[in-house]
Amino acid sequence: MSNHQFPFTVKLVESLYVEAMVLADEARSYFELTPEDQGLTRHDDIRIDMSCESLRVTTRLMHSIAWLLNQKAYFAGELSLHQLHSRSRSLGKCTSSDPFVVARLPQEAQRLVQETQHLLDRLVRLEKSLEAERLGFVEEAALRPAVLQMQARLASELA
């Protein structure tokens, strides 16, 4: 990582970490409520969906927080660049929520699902961008779909 981006990235990681921790606290507070306090009835079939979505929310948050803590450890000098780029320290795969299931959930659950997915999506883009920079690619080229990259190569070869 280049030195001119170091302070910006530290601030970005810290901001994302705070956001993830706030979301984690909100999710914990909401999902520990009784089903009735969540707006569900005792025999509501959505309760199983709520359980599944609460696990997805928690998984997204834990993957996000773990990745951000690794970034913070690197900036604090507790991890080497080699350790940071170890496959075991990359963002894990998380299953996306089914939009039809999410639409059935209470509003607060929907918000938590959407915000945690949005946070994870941003972290995935950041991780890809950092990896592209580390490998010496221009960010734009690294994030374009493979077909567009191939078209650009063909156009430059034919020019």
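Note that the numbering runs from 1 along the sequence shown for the chain. All values below come from the heavy atoms of this structure, side chains included, with hydrogens, waters and symmetry mates left out.
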Peer 1: Which atom pair, heavy atoms only, marks the closest approach of Leu68 to Leu123?
Peer 2: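 Answer, listing the atom of Leu68 first, then Leu123: CD2-CD2, 3.9 Å.
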Peer 1: Give a yes or no answer on whether the side chain of Thr58 reaches the backbone of Ser54 with a donor-acceptor pair at less than 3.5 Å.
Peer 2: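 Yes, because the side chain of Thr58 sits within donor-acceptor range (under 3.5 Å) of the backbone of Ser54.
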Peer 1: Got a second to check how far Leu91's CG is from Lys128's NZ, nearest 0.5 Å?
Peer 2: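 One gets 10.5 Å once the value is rounded to the nearest 0.5 Å.
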Peer 1: Quick test of your reading of the model: are Arg111 and Glu26 salt-bridged, counting only N-O distances below 4.0 Å?
Peer 2: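 Yes, Arg111 and Glu26 are salt-bridged.
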Peer 1: Is the closest side-chain donor-acceptor distance between Gln117 and Ser97 under 3.5 Å?
Peer 2: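 No, Ser97 and Gln117 have no side-chain donor paired with an acceptor closer than 3.5 Å.
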Peer 1: To the nearest 0.5 Å, what is the distance between OH on Tyr30 and CG on Leu112?
Peer 2: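 One finds 8.0 Å between OH of Tyr30 and CG of Leu112.
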Peer 1: If I take atom CD from residue Gln71 and atom OH from residue Tyr17, how far apart are they, to the nearest 0.5 angstrom?
Peer 2: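 Taking CD in Gln71 and OH in Tyr17, the distance rounds to 13.5 Å.
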Peer 1: Flag yes if Phe31 and Leu105 sit in one hydrophobic cluster, no otherwise; membership is Ile, Leu, Val, Met, Phe, Trp, Tyr, and two members link when side-chain heavy atoms are under 4.5 Å apart.
Peer 2: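 Looking at the clustering, Leu105 is in the same group as Phe31.
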Peer 1: Which atoms form the tightest heavy-atom contact between Thr95 and Arg56, and what is the distance?
Peer 2: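 It is O-CD, 3.7 Å.
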Peer 1: At what distance, to the nearest 0.5 angstrom, does OG1 of Thr9 lie from CG of Leu16?
Peer 2: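 Rounded to the nearest 0.5 Å, the OG1-CG separation comes out at 10.5 Å.
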Peer 1: With the side chain counted from C-beta on, respond yes when Tyr74 and Glu78 share a heavy-atom pair under 4.5 Å apart, and no when they do not.
Peer 2: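 With C-beta onward as the side chain, the pair stays apart.
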Peer 1: Do you know the tightest heavy-atom contact between Arg60 and Thr116?
Peer 2: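 Closest approach of Arg60 to Thr116: NE-OG1, 3.1 Å.
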Peer 1: Listed by chain and number, what are the side-chain contact (heavy atoms from CB on, under 4.5 Å) partners of Ser15, not counting sequence neighbours?
Peer 2: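 Partners of Ser15 by the side-chain contact (heavy atoms from CB on, under 4.5 Å) criterion come out as none, since no residue qualifies.
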Peer 1: Indicate yes or no: at least one non-hydrogen side-chain atom of Arg104 is less than 4.5 angstrom from one of Gln110.
Peer 2: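 The answer is no; the side chains never approach within 4.5 Å.
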Peer 1: Would you check if the side chain of His63 reaches a backbone N or O of Gly92 as a donor-acceptor pair within less than 3.5 Å?
Peer 2: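 Here the side-chain-to-backbone pair exists.
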Peer 1: Do you reckon Val10 sits in the same ILVMFWY cluster as Leu81, going by side-chain contacts under 4.5 Å, direct or chained?
Peer 2: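 Linked within one cluster.
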Peer 1: State, yes or no, whether a side-chain contact exists between Leu126 and Trp67 at a heavy-atom distance under 4.5 Å.
Peer 2: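 The answer is yes; the side chains approach within 4.5 Å.
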Peer 1: Quick one: side-chain contact (heavy atoms from CB on, under 4.5 Å) partners of Thr34, sequence neighbours excluded?
Peer 2: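 So Thr34 forms a side-chain contact (heavy atoms from CB on, under 4.5 Å) with Glu36, Asp37.
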Peer 1: At what distance, to the nearest 0.5 angstrom, does SG of Cys52 lie from CZ of Arg47?
Peer 2: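 Output value for this atom pair is 13.0 Å.
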Peer 1: Using a strict cut-off of less than 4.0 Å between a Lys/Arg side-chain nitrogen and an Asp/Glu carboxylate oxygen, indicate whether Lys11 and Glu14 qualify as a salt bridge.
Peer 2: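 No.
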Peer 1: Count I, L, V, M, F, W, Y as connected when their side-chain heavy atoms are under 4.5 Å apart, and connections chain through other members. Are Val18 and Leu120 then in the same cluster?
Peer 2: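 Per the 4.5 Å side-chain linkage, Val18 and Leu120 are not co-clustered.
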Peer 1: Please answer: with hydrophobic residues joined when any side-chain heavy atoms are less than 4.5 Å apart, are Met21 and Val13 in the same cluster?
Peer 2: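 The answer is yes; both residues are in one hydrophobic cluster.
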Peer 1: Who are the side-chain contact (heavy atoms from CB on, under 4.5 Å) partners of Arg89, not counting sequence neighbours?
Peer 2: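 Applying side-chain contact (heavy atoms from CB on, under 4.5 Å) to Arg89 gives Asn70, Leu79, Gln83, Ser86.
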Peer 1: Identify the two heavy atoms, one from Leu61 and one from Ala20, that lie closest to each other, and give their separation to 0.1 Å.
Peer 2: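 What the structure gives for the nearest pair is CD2-O, 3.7 Å.
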Peer 1: Grab the two heavy atoms, one from Leu33 and one from Ser29, that are nearest each other, plus how far apart they are.
Peer 2: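 That closest heavy-atom pairing would be CG-O, 3.5 Å.
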Peer 1: Considering non-hydrogen atoms only, spot the tightest contact between Ala24 and Ile65 and give its length.
Peer 2: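 It is CB-CD1, 4.1 Å.
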Peer 1: Kindly indicate whether the side chain of Leu119, heavy atoms from C-beta on, has any atom under 4.5 Å from the side chain of Glu19.
Peer 2: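 In short, these two side chains touch, coming nearer than 4.5 Å.
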